[in-house]
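Just so we're on the same page: letters track the sequence lines, and every chain starts at 1.
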Amino acid sequence: MLKKRIIPCLDIQDGRTVKGVNFLDIRDAGDPIELAKRYVKEGADELVFLDITATVEKRKTLVELVTKIAKEINIPFTVGGGINSVEDVAALVKAGADKVSINSAAVKNPDLISAIAKRFGSQCLVVAIDTKFEDNDWWVYTHGGRNKTTLKTVAWAQEIERLGGGEILLTSMNSDGTKDGFSIDVTQKVSEAISLPVIASGGAGSEKHFKEVFEQTKATGGLAASIFHFNEIPIPVLKDYLSKNNISVRK
Amino acid sequence: MIVIVKYNAGNVQSVQNAIARLGYESVITDNPELLKAADKVIFPGVGEASTAMHYLKERELDLLIPKLKNPVLGICLGMQLLCAYSEEGDTKCLGVFDNQVKRFPAQDIVPQMGWNNFTSVSSPLFKGISKEDDVYFVHSYYATITKNTVAESDYILPFSAALQKDNFYATQFHPEKSASVGNTILKNFLEL
């Protein structure tokens with residue numbers, strides 16, 4: 001049976017792991033490679049590395065970090081942050097990234113989705129959506145949650161599927177950093193509107209929140225950062241809890 | 001010497017890294033002489049079947065690979081290309097295995113992406129591995145079950161998780177990305 005995936009996210013700034021609370025306050029949670037190795041040992045199913053300060057000048061630093069991660073890690077990992085072109089993707093894939101994640105660049109230039117899918121395959125492409133509930137609907141935001149767009153989240157997810165995206169990483173800005181649970185509503189709507197895998201993100205604060213999102217939506221993965229970084233919920237404890245609640249996870 | 005067949009796209013680096021972690025050196029190449037001389041050949045692959053076959057044909061690797069006498073391990077698309085035919089891009093493949101490659105019916109999320117266990121395993125490739133062990137899959141197309149099937153798995157329907165015939169071995173999943181279970185399977189192949 002296909003298992004639900006538990007995915008720690010490591011936000012990277014200048015080669016170090018950080019985590020923003022509501023995308024603002026940033027705390028240092030250590031060395032990304034050491035942290036990644038700890039997660040693999042504990043049973044993480046995949047890892048996501050998001051370079052939150054990725055700029056053209058920093059690109060080389062990220063590629064170097066990805067090369068080191070790929071040498072150490074024997075589970076799939078995704079790299080995102082500031083990816084704007086097929087060339088950016090090529091550099092990261094060559095360094096050993098299994099998947100890349102794009103967000104703002106896909107909104108600005110949806111053809112980039114098709115271009116990446118064509119060259120590297122859909123399985124290589126995660127499209128991240130930051131979404132916020134306002135004025136009775138879920139809206140797509142870009143640039144780390146700073147810019148509101150005119151796109152509605154469900155319609156954008158369907159467009160991503162049509163263009164060849166392989167997976168959706170859906171972050172609810174209303175929930176992110178609150179530890180009050182995933183936004184079930186939007187996760188349900190998006191995961192039922194498309195047939196791509198959806199990873200729920202934003203708001204995980206307890207084992208129960210993962211149970212809820214897996215029971216009430218079609219999401220196949222749950223992503224979180226700080227609760228894993230600061231060991232508030234050890235991954236083995238989470239998996240044990242889910243398993244006891246009849247949610248199939250990898251032991 | 002371990003040879004990893006070079007492709008124009010896809011993450012072959014992760015295969016080389018996984019082998020290095022097991023203490024083996026390898027080269028990534030499409031040089032026919034090196035492929036023939038290798039102790040082991042690993043034929044990985046992600047991407048699209050017709051594009052990959054086109055790449056192999058340009059280098060006449062479509063003629064060479066099926067004739068190799070050394071142990072060959074196809075991974076993911078590499079396994080599908082060793083089959084007879086793939087629905088992906090209506091592609092005639094290498095024909096080492098007589099299996100057909102079909103698209104998963106759209107009754108659930110396609111691709112299958114994530115960790116899945118086996119419903120049966122045999123073959124020296126799976127020494128020390130049990131049915132309950134999980135490995136990492138990413139695929140929209142699957143190989144049918146035939147006498148070559150040495151591991152079965154289930155997603156929407158039963159499919160071939162691994163194939164074996166003579167010196168040819170193949171896995172639909174990614175052993176290089178399947179944590180310690182994957183390491184064991186790669187090690188089993190390298191020690192054949």
Under a 4.5 Å heavy-atom cut-off, does chain B meet the side chain of [X], its backbone, both or neither?
| X | value |
| --- | --- |
| A/K4 | neither |
| A/E167 | side chain |
| A/R250 | both |
| A/I73 | backbone |
| A/K41 | neither |

Report the option among [options] that has the most heavy-atom pairs separated by less than 4.5 Å from atoms of chain A.
| options | answer |
| --- | --- |
| B/D154, B/V110, B/L77 | B/V110 |
| B/H174, B/R21, B/H139 | B/R21 |
| B/Q112, B/E48, B/Q16 | B/Q112 |
| B/N117, B/T119, B/V138, B/D133 | B/N117 |
| B/Y155, B/F137, B/F118, B/Y136 | B/Y136 |

Could you give the distance from [atom1] ([X]) to [atom2] ([Y]), rounded to the nearest 0.5 Å?
| X | Y | atom1 | atom2 | value |
| --- | --- | --- | --- | --- |
| A/M1 | B/N116 | CE | CG | 9.0 Å |
| A/K218 | B/I109 | NZ | CD1 | 5.5 Å |
| A/N74 | B/K177 | CG | NZ | 7.5 Å |
| B/N17 | A/I69 | CG | CD1 | 11.5 Å |

Task: Heavy-atom closest contact (B/M113 atom, A/Q123 atom, distance) - done: CE-O, 4.2 Å
- [ ] Quick one: closest heavy-atom pair of A/K251 and B/D134, and the distance?
- [x] N-OD2, 4.2 Å
Task: Within-4.5 Å side-chain heavy-atom neighbours: A/P76 and B/W115 - done: yes
TODO: Let me know if B/A179 has heavy atoms under 4.5 Å from chain A in its side chain, its backbone, both or neither.
DONE: both
TODO: Could you tell me whether A/E192 atom CD has more than 12 heavy atoms of other residues or ligands within 6.0 Å of it?
DONE: yes
